[in-house]
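Naming convention: chains lettered A, B, ... in sequence-line order (proteins, then strands); numbering from 1 in each chain.
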Amino acid sequence: MATLSPTQPPAPSVVRRLSAFFSKHPTLVLILLLAAPLLWLGVIYLGSLGALLLQSFYKLDDFTGLVVREFTLDTYKQLFTQSNLDIVTRTAAMASVVTLACALLAFPISFYMARYASPSGKVVFFIAVTLPLWSSYLVRVYSWKLILAKEGVVGWFINLLGLQGALDAILAVPTIGGPSLSVSMYGTFLAFVYVWLPYMIIPTYTALTRVPRSMLEASADLGARPAQTFWRVILPLAFPGVVAGSIFTFSLTLGDYIIPGILGNSAFFIGQVVLTQQGTAGNIPLAAAFTVVPMFIMFVYLFIAARLGAFEAL
Amino acid sequence: MFSRKNSPRPIASRAPFGLKILVAGVLLFLYCPFGIILLYAFTTEETAFTFPPPGLTFDWFRVALFNRPDIFPPLLLSIQVALVATTVALVLGSLIALGVSRAKFFGREAITFLVILPIALPGIITGISLRSAFGLFGIDFSFWTIVIGHATFCIVVVYNNVIARLRRTAKSQMEASADLGADSFQTFRHIVLPAIGTALLAGGMLAFALSFDEVIVTTFTAGQQTTLPIWIFSQLVRPRQRPVTNVVAVFVIAVTFIPILIAQRLTQDSND
Amino acid sequence: MNNASNSLAAVRFEHVSRHFGEVRAVDNISLEIYDGEFFSMLGPSGSGKTTCLRLIAGFEQPSSGKIYLHGAEVSGQPPYERDVNTVFQDYALFPHMTVEQNVGYGLMIKKVPTAERKKRVSDALELVRLPQMAKRRPSQLSGGQRQRIALARALVNRPRVLLLDEPLGALDLKLRQEMQVELKDIQKRVGITFVFVTHDQEEALTMSDRIAVFNAGHVEQIGTPAEIYEHPASAFVAGFVGTSNLVRSDVAQKLTGRAQMFSIRPEKIRMVEIGTPVQDGWTALEGTVREVIYLGMFTRYLVALEGGGELTVVRQNLDETSMDVLSAEGKRVQLTWQRVFDRVLETK
């Protein structure tokens, strides 16, 4: 039954034939699309992570100051000394407290945005919250140096209110205090909360907007008081969003070295050790081994977060 | 027990006063630092930042522009890096988005995860990893080592924007185009590209802002080179002419705010 | 009207299957759609009718079997090489183009000269009675207008087969009924084959020359609306097209003495006083009106039969008021119908 269709195009062009070839081989198209980006991320990025892991199994020769490229666990032994473990604990504790504070601050504003703001108000709020996130991180940290310095804004207000005594008492607390707010753990903490807060607000807000109004009405209809609705309906549904946000606040705090450098007392955080070890000390193996710690913590964290449904809330 | 009628309570449409206060407080917390930066760009003090400033002057803008030639090479480098890194991220990010949106395939989740990883893991990990890879393979620090670091974490921004748009673009539109006689290339040019155009622009602007401002990864991949954020970082410990740093910071804020606001605009317009 | 006398079918399926993993969306279907007819594919969602349409369009390729368009095998051919066009369920208008650009898209792709393109676009807009909308964007149109533009965009290419994927589904009832008449009218004027997918049996009965009833990836029956309605080939067809009283074989045994499942349409049953004499060739049963559903134009009665089972009876409200019909509840009645209207169904 060989019949010619009257509208058959005379001779398909090269482009057409290529297109037809592609439409018959969707897998080939997929490979062509993904080859370059996967090479980049898979080879350059994952390869570098691999290189990092590899380096952590090398060690620095103390006499020559050169990296000895053979497998050894010596660097990890060095990592598990008391002073280094203190640094890890300090960093993880700071990350936890910062995450908690971010969650507490983010919830009310996210709730307000999702629940009470008008549609155009939502847009304005969303931009207002994300704008600091994209704008200069360094500048924002630096601004806290200005705010918290002895002669800065906060100091001025404290003087005005006659609270100098209280401030001195707070700063006198060992390990977290310091000569001024800008040279203490308080400063570090405040700056961390400040810079990572938008990372917490956005997923919390997203999770809250996914709670339909009818669900709140259903809860009320079934006799729940607003507080009960909040605790039993809103909060459980928003929780994955909070966990998603905590991935960022926790992870970013673990690896940061700028904030403790600018605003901390002399107590070291993981990031600072990595920086000094790879820089001035030239001990890349130890820097690498130190980086494996937050990486490991984050993988455990991501695993738990996935279990809690945080990835759907991202 | 049936006597008490359990009538549905009306759901308040106005926020409680306490909540409004909290929201205002958080917004103040988010924006007050920008005000401080701006304020101290005009202070007459050169070495300390007392509050309130003893006097105000425009002089530091003049100093930054004419007396501090050390500002401009880092600025130029940052712009060049951001432009190149953004271009790379645009290409790679949209390629992944196009691939991932095409079909469900084995390993799709892994790819999404891989794209997010560079920003989900602390920047220091990306930085030190690249640093050790460069060390391992004997690659010297250069313009390109900075670009590689920046492009890696910028990909996700472009990807997120493009994939969100592709998800909102009904698959039937591409089918309709094929149905009306367009081959894959024509469909890409006439339907897909216009659909993702503003998303590409928005993603590109965000990537630019992200790269222009990045310091953590850059520290590890720049070697002796100075980008603008690294310059700012170095200025923080210098005692002289401190308000000049603020002037540069105000400039950086402006340079990042403008593309971000435009990007928000672009993604907003097509949401309806 | 159109019949198999036409030498070549517009569309022919030969043992076509389309599997998605374990799911057999289309399972060994063979059918022919004649040139110039209005052919409907009717069935519940997931019955395979839309997949069949997508197979014709070329968006899907068959897992096995062959598809012919006007005698030429098209398996493996991409959509853009097929001389068919589609009206999509969501219309799939391009949001970044004006109505004019949307309608002219296919012609632009085929590099039709501008003057001719303009002429054909305005003709097509004329055909769907929306010539004044040329410069608008799809977002500025109502649902009904979008639907017409989607139709114009497909028809302007003068395809030999037009595929319509539930195009009226999103419209409200009034508009849908108007469009049904208009679509049929357009089809008669342009004279091309329409393949129309719908889950609305009334729509299919209204517009089609022939209907294929789909169920679970199979075609249950192909025929004219009258054939489908009056001679349903299976219990599924009897139930899906119109309403039917399905009488299971064990109940039938008690009622009529024949142990064969049959269907009887509710409008064929008469409800009369107990003791009314029964004519020859009529079945008569007694029962009690269990429920009366007043529907304005007519009333539906559910009658519980003495011998077990229940029949639905529909009666036009010719002389009765709503008060009259509602008072029938609980009354004992006699149901009679001509035996010729019994449709004995094969038990599977």
(message) Heavy-atom pairs under 4.5 Å with chain B: which of Leu163(C), Asp165(C), Ile109(C), Asp90(C) has the most?
(response) Ile109(C)

(message) With chain B as the partner, which of Gly106(C), Gly58(C), Ala92(C), Pro159(C) has the greatest number of non-hydrogen pairs under 4.5 Å?
(response) Ala92(C)

(message) Quick check on Lys110(C): does its NZ atom have over 12 non-hydrogen neighbours (other residues, nucleotides or ligands) under 6.0 Å away?
(response) yes

(message) For the CZ atom on Arg24(C), are there more than 12 heavy atoms of other groups (residues, nucleotides or ligands in this structure) within a distance under 6.0 Å?
(response) no

Select one option (side chain, backbone, both, neither) describing which atoms of [X] are under 4.5 Å from chain B's heavy atoms.
{"X": "Arg54(C)", "result": "side chain"}
{"X": "Asn85(C)", "result": "both"}
{"X": "Leu93(C)", "result": "backbone"}

Approximate separation, where rounding is to 0.5 Å, of [X] [atom1] and [Y] [atom2]:
{"X": "Tyr80(C)", "Y": "Asp179(B)", "atom1": "OH", "atom2": "CG", "result": "13.0 Å"}
{"X": "Gln186(B)", "Y": "Met108(C)", "atom1": "CD", "atom2": "CE", "result": "8.0 Å"}
{"X": "Lys171(B)", "Y": "Phe59(C)", "atom1": "NZ", "atom2": "CZ", "result": "9.5 Å"}
{"X": "Leu180(B)", "Y": "Thr86(C)", "atom1": "CG", "atom2": "OG1", "result": "8.0 Å"}

(request) Sort Ala170(B) into side chain, backbone, both or neither according to what part of it lies under 4.5 angstrom from a heavy atom of chain C. (result) side chain

(message) If I measure from the heavy atoms of chain C, does Thr169(B) come under 4.5 Å with its side chain, its backbone, both, or neither?
(response) neither

(request) Heavy-atom pairs under 4.5 Å with chain C are the metric here; pick the option from Ala195(B), Ser184(B), Ala182(B) that has the most. (result) Ala182(B)

(request) Using atom types as modelled and distance alone, determine if a side-chain donor or acceptor of His96(C) lies under 3.5 Å from a backbone N or O of His190(B). (result) yes

(request) For residues Met97(C) and Pro194(B), determine if any side-chain heavy atom of one lies less than 4.5 Å from a side-chain heavy atom of the other. (result) no

(request) Output, in order, the C-alpha distance, side-chain angles, deciding distance and verdict of side chain to side chain contact (heavy atoms under 4.5 Å, CB included) for Ser177(B) and Phe94(C). (result) CA-CA 9 Å; Ser177(B) 173; Phe94(C) 307 127; 4.0 Å; yes

